[in-house]
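Have a look at the structure below, then the notes.
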Amino acid sequence: MSDHTPTEVEEVAARRLGAKFSVLPDGGHTVTESSFFGSHPQLRDLSDVDDVQFLDTTLRDGEQAPGVSLTPEEKARIARGLDRAEIDFIEAGSACTGPGERETIRRVTDLDLDATVTSFCRGIENDVDLALDCDVDGVTIVVPGSDKHIETKVGTTHEENVQNTEELVAYAKDHDLWVEVIAEDGSRARVDYLEKLMSASMDAGADRICYADTVGHATPDDTLERIEPMTELGPTSTHTHDDLGLAVTNALVSIAAGADLVHGTINGIGERAGNVALEEVAIALDHGYGVEPMDLTEVYDLAQLISRSTGVPLAPNKAVIGENAFTHESGIHTDGTLKDDAMYEPYPPEKVGRERRLVLGKHAGHAGVEAALAEHGIDADDDEIDEVVERVKAIGDRGKRVTDADLLTIAEEVVGKDRERRVKLLEMTAASGSGTPTASVRVEVDGEERVASGHGDGPVDAAVSAVQQALGHAADASLDSYHVDAITGGTDAVVTVEVEMSRGDNSVTVAVSDADITRASVEAMVEAIDRLIENEPEQVLADD
């Protein structure tokens, strides 16, 4: 039984309601307009923020994710993509890593990007020299911030750390570099010491200072406690990690406390649970508060490029860039979306370079199937649509995903309309032997025959390469998965090859069975590409 009297309970309730509602002159009530970001005495309203800049560290901190290693060509392509997305600062790597890394950084600095290109430096003068040798615009100097890092990792004293930082900043500024100082493990640093170290950095000539939640330890309260005093010293950045799932929240708290630059990576790639995902910070600022820190229309292509380059797949439920972000299956949701695009979406997919997708499964309804058929140019009456719905649901009930290929096969059977193919495999030969596996194909594309050859690690790889050569860049599609199952036994076993391919926001899964695994693979790939380009008006032209 509660020890509180009815009067005390009423007082508590009144206080809570008073925090949420305001009293109108006529005695009525309305929900207050104040929010967490702005109502706190140490935080500004994010809607009042004029500008937020981004420093992308995909090429440095992102590459430190386990198993990730980027080639110079990949780093250059990613850097160009970041520049197209209007990222302000690109951390191209750590010049101290070795000669190969320095050559990679030079590849980025030679691109003549609009972004400021920087190198990550330890608190060592030679690291600054190596960065200068790469012709970077600036350096981010990381120095220990917490007692653990000062005393145990580096083995110095607090005073020596301050003095060394001042000398490094002065040295870098003497060489005309843009300089930012990061206090490593700042989220576990003593607040008074962090303020002293950052103050000394600014006095020595640093362009800005950075709060770093290096191990993803911080809560929003920790972040506010440390970053708010820093913003009183000069331009302040924030570097947050997602170990507690709070990276975006801590970045927004940092901005509300006065920070004006966010470190992070596209896709949130990075050590352990990753860095803050810049696209998530960007959409939160843009959609929620009208602040535009980057060109969001570039973010999806950039996310896919980074995913392919790093080998780290995008989670389907990832905000902004995940496959399911603008995909609707439920009959109720699909019906509502068809009536009003904004019914079940917070912002239009075009804002982030995406397209809306309606997919089918066990929850499919009449409206969703009708719309999906219409997208493929198939006219069906109500009875035919209802039959397609039942067949789609039957596939979904077996736990299978209903692909575009499935839908069109069903529609062809129900409606009785054969699909006009744009891409056909006419002939294929493959050889492996003792030499390099080679293959040649003859395909028909939009009525035109093409012949091409290719080589690879095996006959299947060689045949796929030949198909890609024949179709050219105009029919470029990504092979997302490849799976083989033997469905009969013996030496004449028939195999089923299932491929999943995508082009932009569209994807299909196709399965083909044959006694020849190479032919089954190529047939499946050609069928998938044909499905992906069937509604595109442009002729599929060969590369020059």
Quiz item: Would a 4.5 Å heavy-atom cut-off, applied to side chains only, mark Leu55 and Asp88 as touching?
Solution: no

Exercise. State, without any angle test, whether Thr240 and Asn250 hold a side-chain donor-acceptor pair at a distance under 3.5 Å.
Key: no

Quiz prompt | Backbone N/O of Val312 and side chain of Thr310: donor-acceptor pair under 3.5 Å | solution = yes

Exercise. Starting at CD of Glu74, measure out to OG1 of Thr104 and round the result to the nearest 0.5 Å.
Key: 10.0 Å

Exercise. Give a yes or no on whether the backbone of Ala247 and the side-chain of Asp242 come within a donor-acceptor separation of less than 3.5 Å.
Key: yes

Quiz item: If only atom types and distance count, is the side chain of Glu323 paired as donor or acceptor with the main-chain N or O of Ala315 below 3.5 Å?
Solution: no

Quiz prompt | Student check: side-chain heavy atoms of Met525 and Met501 closer than 4.5 Å | solution = yes

Side-chain donor-acceptor contacts of residues 110-117 below 3.5 Å, not counting sequence neighbours, with atom names and distances?
none

Exercise. Can you sort out the partners of Glu86 under salt bridge (charged side-chain N to carboxylate O under 4.0 Å, His left out), two or more places apart, ordered by chain and number?
Key: none

Exercise. For the residue pair Leu305 and Ile78, establish whether any side-chain heavy-atom pair is separated by less than 4.5 Å.
Key: yes

Quiz item: Backbone N or O of Leu70 within a donor-acceptor pair of the Glu63 side chain at under 3.5 Å?
Solution: yes

Quiz prompt | Arg102 side chain to Asp133 backbone, donor-acceptor under 3.5 Å | solution = no

Quiz item: Quick one: side-chain contact (heavy atoms from CB on, under 4.5 Å) partners of Arg190, sequence neighbours excluded?
Solution: Asp147, His158, Asp192, Tyr193

Quiz prompt | Distance, nearest 0.5 Å, that separates OG of Ser187 from NE2 of His241 | solution = 9.5 Å

Quiz item: With the threshold set at 4.0 Å, does a side-chain nitrogen-carboxylate oxygen contact exist between Arg531 and Glu527?
Solution: yes

Quiz item: Is the backbone of Leu59 close enough, under 3.5 Å, to the side chain of Lys75 for a donor and an acceptor to pair up by distance?
Solution: yes

Practice problem: Using only heavy-atom distances, determine whether the side chains of Gln163 and Glu159 contain a donor-acceptor pair under 3.5 Å. | Solution: no

Practice problem: Give, for atom OG of Ser199 and atom CD of Glu166, the distance between the pair rounded to the nearest 0.5 Å. | Solution: 9.0 Å

Exercise. For the residue pair Thr57 and Glu91, confirm or rule out a side-chain donor-acceptor distance under 3.5 Å.
Key: yes

Exercise. Take Glu228 and Glu232, measure what side chain to side chain contact (heavy atoms under 4.5 Å, CB included) needs, and give me the verdict at the end.
Key: CA-CA 7 Å; Glu228 195 273 336; Glu232 300 295 324; 3.6 Å; yes

Self-check item: Separation of Leu82 CG from Ile266 CD1 (nearest 0.5 Å)
Solution: 6.0 Å

Self-check item: Distance, nearest 0.5 Å, that separates CG of Leu278 from CG of Leu302
Solution: 9.5 Å

Quiz item: Of all heavy-atom pairs between Thr265 and Glu279, which one has the smallest distance, and what is that distance?
Solution: O-OE1, 4.0 Å

Quiz item: Sub-3.5 Å donor-acceptor pair from the side chain of Thr157 to the main-chain atoms of Glu160, do we have one?
Solution: yes

Quiz item: Are Ile90 and Phe54 close enough that some pair of their side-chain heavy atoms sits under 4.5 Å apart?
Solution: no

Exercise. Evaluate the side-chain proximity of Asn324 to Lys318: yes if any heavy-atom separation is below 4.5 Å, no if none is.
Key: no

Practice problem: Kindly confirm or rule out a cation-pi arrangement of Arg60 over Phe120, judged by NZ or CZ under 6.0 Å from the six-membered ring centre and within 45° of its axis? | Solution: yes

Quiz item: What's the verdict on side chain to side chain contact (heavy atoms under 4.5 Å, CB included) for Thr156 and Asn164, showing C-alpha distance, side-chain angles and the deciding distance?
Solution: CA-CA 10 Å; Thr156 187; Asn164 180 61; over 6 Å; no

Quiz item: Using a distance-only test with no angle check, is there a side-chain donor-acceptor pair under 3.5 angstrom linking Tyr300 and Gln304?
Solution: yes

Exercise. Grab the two heavy atoms, one from Ala477 and one from Ile529, that are nearest each other, plus how far apart they are.
Key: CB-CG1, 4.4 Å

Exercise. Mind checking ring pair (Phe, Tyr, Trp, His ring centres under 6.0 Å) for His483 and listing every partner two or more places apart, or none if nothing turns up?
Key: none

Quiz item: Regarding Asp61 and His239, is there a side-chain donor-to-acceptor distance under 3.5 Å anywhere?
Solution: yes

Quiz item: Regarding Ser146 and Asp185, is there a side-chain donor-to-acceptor distance under 3.5 Å anywhere?
Solution: yes

Exercise. With sequence neighbours left out, write down each residue that passes salt bridge (charged side-chain N to carboxylate O under 4.0 Å, His left out) with Lys351, or none if nothing qualifies.
Key: Asp286

Exercise. Using the six-membered ring of Tyr211, assess whether NZ or CZ of Arg226 lies under 6.0 Å from its centre and within 45 degrees of the ring axis.
Key: no

Practice problem: Applying side chain to side chain contact (heavy atoms under 4.5 Å, CB included), run through Glu167 and Glu125 and close with a yes or a no. | Solution: CA-CA 9 Å; Glu167 292 172 355; Glu125 187 174 294; over 6 Å; no

Exercise. Say whether, by atom type as modelled, one donor and one acceptor occur between the side chain of Asp222 and the main chain of Thr219 under 3.5 angstrom.
Key: yes

Quiz item: Just wondering, do Leu177 and Val128 contact through their side chains at under 4.5 Å, heavy atoms?
Solution: yes

Quiz item: Looking at side-chain heavy atoms only, is the closest gap between Val181 and Val143 below 4.5 Å?
Solution: yes

Quiz prompt | Matching residue for Val68 among Ile269, Ile306, Thr58 - test: side chain to side chain contact (heavy atoms under 4.5 Å, CB included) | solution = Ile269

Quiz item: How many angstroms lie between atom CG of Leu224 and atom CD1 of Ile227, to the nearest 0.5 angstrom?
Solution: 9.0 Å

Quiz item: Is any side-chain heavy atom of Lys153 closer than 4.5 Å to a side-chain heavy atom of Lys148?
Solution: no

Quiz prompt | Step-by-step side chain to side chain contact (heavy atoms under 4.5 Å, CB included) determination, Asp207 to Lys173 | solution = CA-CA 9 Å; Asp207 294 277; Lys173 292 304 297 180; 2.9 Å; yes

Quiz item: Would a distance-only check, ignoring hydrogens and angles, find a side-chain to backbone donor-acceptor pair under 3.5 Å from Thr436 to Gly456?
Solution: no

Practice problem: Hey, could you give me each pair passing ring pair (Phe, Tyr, Trp, His ring centres under 6.0 Å) that has a residue in residues 267-288? Not counting sequence neighbours. | Solution: His287-Tyr347

